[in-house]
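Lettering follows sequence order; numbering is per chain, from 1. Here the structure is a predicted model, which is why all the values come from computation and not from measurement.
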Amino acid sequence: MKFSQFFIPTLKEVPSEAEIPSHSLALRAGLIRKVASGIYSFLPLGFRILKKIEEIIRQEMNSTGAIELFLPVIQPSDLWKKSGRWKEYGPEMFRLKDRNKRDFCLGPTHEELITYLVHLDLKSYKNLPVNLYQIQVKFRDEIRPRYGLLRAREFIMKDAYSFCRNNDDLEVIYKKMYNAYCRILERIGLQYKVVEADTGLIGGKFSHEFMVLAENGEERLVFCPGCGYSANYEMSKSISESGKENKDKKINKWGDFTYPEQGDRCINCGKELKIEKGIEIGHIFKLGDKYSEKLDARFLDVDGKLKPLVMGCYGIGVSRILAAAIEQLHDDKGIIWPPSIAPFTVNIIVTTEKNKELSKASDMIYKTLKELNVEVLYDDRDVSAGIKFKDSDLIGIPIRFILGRKFLDSRLIDVEYRKDGKKVELSVDSIPKFIKEFETANSLKPTQDEQSKK
RNA sequence: CGGGGUGUAGCGCAGUUUGGUUUAGCGCACCUGCUUUGGGAGCAGGGGGUCGGAGGUUCAAAUCCUCUCACCCCGACCA
């Protein structure tokens with residue numbers, strides 16, 4: 001892609017509305033633009049990143065045997081009334097009426113809809129288990145949208161819903177999804193922790209949250225370096241300095257433990273607990289029969305009895321991962337995309353457009369890279385080199401090929417890594433070898449598809 | 001919803017206290033020309049705002065008053 005033919009409106013100054021790096025950099029790098037509070041457009045560069053994240057998620061979902069489908073955003077109120085959440089959700093739900101004054105909502109989540117769908121056609125244990133997922137836009141009228149994409153009112157989410165005969169089967173799928181979520185975050189290249197968490201409005205017995213560690217995260221999490229215990233701050237258990245379990249401080253709603261403080265010890269092994277901040281990007285639940293009972297989703301089991309489907313649900317925030325990645329991977333110059341989700345792999349910078357020999361050579365190198373299936377952003381703009389360097393830092397493409405005086409003198413390309421600023425010299429002939437090595441070093445291959453194993 | 005804050009050109013801001021020489025200004029960005037091009041270039045010329053909106057006070061309002069809208073931050077809340 002030629003920069004001059006793409007649309008990357010970068011900003012030199014920090015927009016006044018942005019408080020944290022992920023928000024400010026997403027705006028400055030030309031990934032997003034705000035339309036209203038908590039509502040954003042994705043510009044071409046941001047959209048490319050979203051697609052990268054989606055693809056990794058899709059591959060890992062498919063590899064667990066989950067099947068992709070697509071549900072509507074607009075959902076009739078009847079289903080929500082049956083589940084009781086038409087009331088429960090309150091003003092956080094965007095509601096609307098059709099021309100016949102019938103109530104609808106813009107889906108904040110899809111448990112009701114998928115359960116309805118499944119109840120129509122899944123009648124026998126022979127069809128179970130099944131795990132269905134979609135990558136969809138969600139609408140939640142947050143009390144206070146903030147931090148750009150981190151808490152938006154319209155956002156993109158992958159949500160999966162599993163249906164099983166019993167808890168044993170649910171346990172199997174739950175574990176698969178747990179592992180797939182870990183794999184997704186590892187492939188993207190983010191530091192994260194999995195914690196036990198409250199189930200909130202979704203319901204169910206217990207759940208795990210996937211937290212990307214970041215200073216500006218809204219969530220606090222507690223973990224033990226000793227035994228590996230980890231939990232959302234709200235759910236965490238600890239022993240205070242006195243050696244007794246905290247009883248007299250602020251008690252949370254279960255009443256059997258309290259919020260830990262710095263210096264408190266792990267309830268399991270006694271080591272000192274650590275408290276960190278994170279961004280919740282995924283949450284998986286064992287729902288049991290909460291929705292299948294209410295929405296009458298039953299199947300005939302092998303014993304001839306009608307039983308409610310045992311459900312699980314699994315959500316991961318696609319647009320939130322984009323923001324969380326920036327939050328975790330940036331410096332004072334801009335974003336540092338991990339190669340897995342970078343919008344482009346190589347950024348060619350030609351220091352001047354006026355030198356014919358140089359632009360001829362860079363055209364040729366651009367072509368070479370494209371033939372090697374490398375995603376290239378070729379900065380062919382007729383602007384000063386400084387602008388190209390600054391934009392390149394800001395946008396955060398992993399590798400930079402610099403073509404300037406040195407190339408004219410010695411036919412060597414200066415290759416610079418965005419991550420650490422390290423430079424190497426490269427001859428045109430060795431480009432294929434260089435690319436191959438880079439790709440090998442940076443690729444975490446998709447987990448093999450369960451379907452193709454059979 | 002409670003508390004705090006901000007709305008002046010695409011972005012960042014000054015001007016508002018004390019109404020009037022400001023035909024509303026500056027930097028960046030944008031357009032034209034020439035010179036430049038290895039870290040946000042230089043010179044010259046140029047385009048763009050009616051000051052969030054409505055109403056009011058006044059000879060006169062970006063500036064004072066009333067109402068209203070939007071956005072941001074803290075809190076409660078939240079996957």
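- Atom P of nucleotide B:G5 and atom CD of A:Glu19 are separated by 15 Å, given to the nearest angstrom.
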Tabulated below should be each protein N or O lying under 3.5 Å from an N or O of nucleotides 68-70 of chain B; please produce it.
none

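- Regarding A:Arg140, its CZ atom lies at a distance of 17 Å from the P atom of B:C77, rounded to whole Å.
- In this structure, the CD atom of A:Glu142 is 16 Å from the P atom of B:C1, given to the nearest Å.
- A salt bridge links A:Glu357 with A:Arg411; the closest basic N to acidic carboxylate O contact falls under 4.0 Å.
- Remark: the backbone N or O of A:Asp103 is paired with a side-chain donor or acceptor of A:Ser77 at under 3.5 angstrom.
- We find that A:Glu19 and A:Arg146 are not joined by a salt bridge, their nearest charged nitrogen and carboxylate oxygen being 4.0 Å or further apart.
- Judged by distance alone, with hydrogens and angles left aside, A:Lys354 brings a side-chain donor or acceptor within reach of the base of B:U36, the pair sitting under 3.5 Å.
- In this model, no side-chain donor or acceptor of A:Arg146 finds a partner on the base of B:C73 within 3.5 Å.
- The CD atom of A:Glu219 sits 11 Å away from the P atom of B:C78 (whole-angstrom rounding).
- By the 30° and 60° cut-offs, the orientation of the rings of A:Phe6 relative to A:Phe344 is perpendicular.
- Within the structure, salt bridge (charged side-chain N to carboxylate O under 4.0 Å, His left out) contacts touching residues 29-46 of chain A (residues at least two apart or in different chains) are A:Glu17-A:Lys34.
- Nucleotide B:C78 holds its P atom 7 Å from the CD1 atom of A:Ile143, rounded to whole Å.
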| note | Once base and sugar-phosphate atoms are separated, protein heavy atoms under 4.0 Å mark nucleotides 7-14 of chain B, 5' to 3', with B, S and - as ----BSS-

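- Salt-bridge formation is detected for the pair A:Arg418/A:Asp331: a Lys NZ or Arg NE/NH1/NH2 atom is positioned less than 4.0 Å from an Asp or Glu carboxylate oxygen.
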